[in-house]
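Sharing a structure below in structure tokens format, with a few things to ask.
Computed over heavy atoms, backbone and side chain alike; hydrogens, waters and symmetry mates excluded. Model, not experiment: these values are computed from the prediction. Letters go in sequence order (proteins before strands), and every chain restarts at 1.
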There are 2 protein chains.
Amino acid sequence: MSDISRNGHSGSGQPGRIGIGLELDDIHLKILEILRENGRISVAALAERVGISRANAYTRFEALRADGAIKRFTAEIDHGRAGLGITALIFVTVRQQMWKQFRAELARMPEVEYCAITTGQHDAMIQVRVADVAAVHTMVTDRLANIPAVKATETVFILDEVLRRPYVLPGDGRQAARPARRPAQEERDDVPLGKMRFVGAAEGRAALQKDD
Amino acid sequence: MSDISRNGHSGSGQPGRIGIGLELDDIHLKILEILRENGRISVAALAERVGISRANAYTRFEALRADGAIKRFTAEIDHGRAGLGITALIFVTVRQQMWKQFRAELARMPEVEYCAITTGQHDAMIQVRVADVAAVHTMVTDRLANIPAVKATETVFILDEVLRRPYVLPGDGRQAARPARRPAQEERDDVPLGKMRFVGAAEGRAALQKDD
DNA sequence: GTTGAAATTAGTACGAA
DNA sequence: TTCGTACTAATTTCAAC
């Protein structure tokens, strides 16, 4: 139910568009860094780790929350232990005029953890967590297939989740974090380009986003 | 760096395998439900919302943490506001013998938020967050392409993130939550099966997981 | 933006149901 | 096990610097 696209700083955000309401400085980023790996740390302890006063930490903490830079705090659950041992990705091709309906149906499927609109061969990718393989089949055939907006699906299973970072932030020891220096052409034409493939949006898909 | 597969209850978990150390009852699940939508709630407030005593809430809270059912608490960040407005999915084909090396390289790429091994045409899907489109290109051509373990990549961009639930749990108003009643064949053969496609693992891929 | 005290709340221990 | 209470420690708030 949490629609994270409405004020659209996710995914569809303009490149380099930083700090609309709040100017995020290094201390803000450090706070976020700590909070993403320990969402329950006290503000007092946070202040100490960042090296600022408690009052300052409270002010910044509240500002980040109010600004929306921190969207929420959440507990990461071990799905296996909670009885949802199967994870699958379902790539969906959506009839363009019916995008809004597709969204509404998604909101009614609690097994969907994530849904994103993508470029490439399909229009959307959804990630589902269910108890067993049969439930994936039920989900795809009974629920998704009966949505008129769904033209086709392709399902793959997740065999193992190798890595999940709480939430990526700029400056994680990265070189091209914010302004992103673009290497000159000469510097990068030694790259084996034949290995890779970029997949743009299918024709006429520009309309998809405005569709709702 | 957070390798969530080692004790493998994620993704590769057996169907219905619930409560290895801890038997999770309805109260445990309700606690998880509240915690996933507000990871910073006090245990006192939690106790009240669940309808148990404070002491009991502390006991269960600690048990869930110790058992690993709660893996960590984290803050959800608005990436756009933090300067990482571009999200992409990179599907990677990995040379089987080199899986371990691929993992090691991943750990050194802070822009990778998520990596999962999948069935289907590709071997892994990674999700990256970067500042701009150029950074995706740099990432794929300079970093991934130079890993010998990487045979090929296919990149799609995420245009919009429609839905993200903190973490899916069983019993979210779902019918087939835990034991997952499998519908009899007669009940489901009215489904338009032509719409969908399940994609199994490529040949010889069973070896992949044992590879590290 | 900081420090330090008061008020509040969180976390612990333990005996009883 | 769970609950209730009393106790201790820590956090948050707020005022003055």
Side-chain angles (χ1 to χ4, degrees), chain A residues 18-78 81-83 166-167 169-171, chain B residues 17-77 81-83 166-167 169-171 177-178:
Chain A
I18 188 173
I20 289 84
L22 231 191
E23 241 352 279
L24 297 187
D25 59 25
D26 288 348
I27 293 175
H28 284 119
L29 289 179
K30 193 159 185 196
I31 290 173
L32 293 179
E33 202 171 308
I34 293 169
L35 248 22
R36 82 182 162 158
E37 69 190 25
N38 179 9
R40 273 184 88 86
I41 192 174
S42 73
V43 181
L46 185 66
E48 199 184 9
R49 282 191 56 182
V50 176
I52 57 175
S53 70
R54 282 164 306 161
N56 191 355
Y58 276 103
T59 308
R60 285 167 177 275
F61 182 88
E62 260 320 306
L64 287 168
R65 248 179 172 298
D67 184 63
I70 298 172
K71 287 193 290 194
R72 66 181 150 196
F73 291 94
T74 189
E76 242 186 73
I77 307 299
D78 185 323
R81 233 162 263 216
Y167 285 95
L169 283 179
Chain B
R17 198 178 170 195
I18 188 172
I20 289 84
L22 231 191
E23 246 346 283
L24 297 187
D25 58 24
D26 289 349
I27 293 175
H28 285 120
L29 289 179
K30 193 160 183 192
I31 290 173
L32 294 179
E33 202 170 310
I34 293 168
L35 248 23
R36 82 182 161 156
E37 68 189 28
N38 179 8
R40 269 184 92 86
I41 192 173
S42 74
V43 181
L46 185 66
E48 199 186 9
R49 281 191 56 182
V50 176
I52 57 175
S53 72
R54 232 151 52 90
N56 192 357
Y58 274 105
T59 308
R60 286 167 174 275
F61 182 89
E62 257 321 303
L64 287 168
R65 248 179 173 298
D67 185 63
I70 298 172
K71 288 192 291 193
R72 67 181 148 195
F73 291 94
T74 188
E76 243 185 71
I77 307 300
R81 233 162 264 213
Y167 286 94
L169 284 179
R178 263 177 296 175

Heavy atom of residues 46-53 of chain A under 4.0 Å from DNA chain D: which residues?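 None - not one residue of the stretch has a heavy atom sitting under 4.0 Å from the strand.
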End axis versus end axis in the helix from dG1(C)-dC17(D) to dA17(C)-dT1(D), the angle rounded to 10°, five pairs used at each terminus: 30°
Could you measure the distance from the CG atom of Asp78(A) to the CG atom of Leu64(B)? Nearest 0.5 Å is fine.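 One finds 11.0 Å between CG of Asp78(A) and CG of Leu64(B).
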Which atom pairs, one a donor and one an acceptor, fall under 3.5 Å between side chains of residues 41-52 of chain A and the rest of the protein, sequence neighbours left out?
from     : atom 1 : to       : atom 2 : distance (Å)
Ser42(A) : OG     : Ala45(A) : N      : 3.1
Arg49(A) : NH2    : Glu37(A) : OE2    : 3.4

Among Arg40(A), Arg36(A), Glu76(A), side-chain contact (heavy atoms from CB on, under 4.5 Å) partner for Phe73(B):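 The residue from Arg40(A), Arg36(A), Glu76(A) that satisfies side-chain contact (heavy atoms from CB on, under 4.5 Å) with Phe73(B) turns out to be Arg40(A).
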Rounded to the nearest 0.5 Å, what separation is found between the CD atom of Glu23(A) and the CG atom of Asp67(A)? 10.0 Å
With rounding to the nearest 0.5 angstrom, report the CG to NZ distance, Asp25(A) to Lys30(A). 12.0 Å
Close side-chain approach of Phe61(B) and Arg65(B), heavy atoms under 4.5 Å: yes
Nucleotides bounding contact with chain A, strand DNA chain C, heavy-atom threshold 4.0 Å: dG1(C) to dA5(C)
Shortest non-hydrogen contact from Leu24(A) to Ala82(B)? CD1-CA, 4.1 Å
Working to the nearest 0.5 Å, report the span between CD1 of Ile70(B) and NE2 of His28(B).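 Atom-to-atom, Ile70(B):CD1 and His28(B):NE2 are 9.5 Å apart.
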Whole-Å distance between dT1(D) C1' and Ile27(B) CD1?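 It works out to 10 Å between those atoms.
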Can you give one letter per nucleotide of nucleotides 7-17 of chain D, 5' to 3': B if a protein heavy atom sits under 4.0 Å from the base, S if only from the sugar-phosphate, - if neither? ----SBB----
What residues, two or more places apart in sequence or in another chain, satisfy side chain to side chain contact (heavy atoms under 4.5 Å, CB included) together with Thr59(A)?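 If we apply the side chain to side chain contact (heavy atoms under 4.5 Å, CB included) test to Thr59(A), skipping adjacent residues, there are no hits.
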Nearest-0.5 Å distance, CZ of residue Arg54(B) to CG of residue Asn56(B):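 Reported value, rounded in 0.5 Å steps: 12.5 Å.
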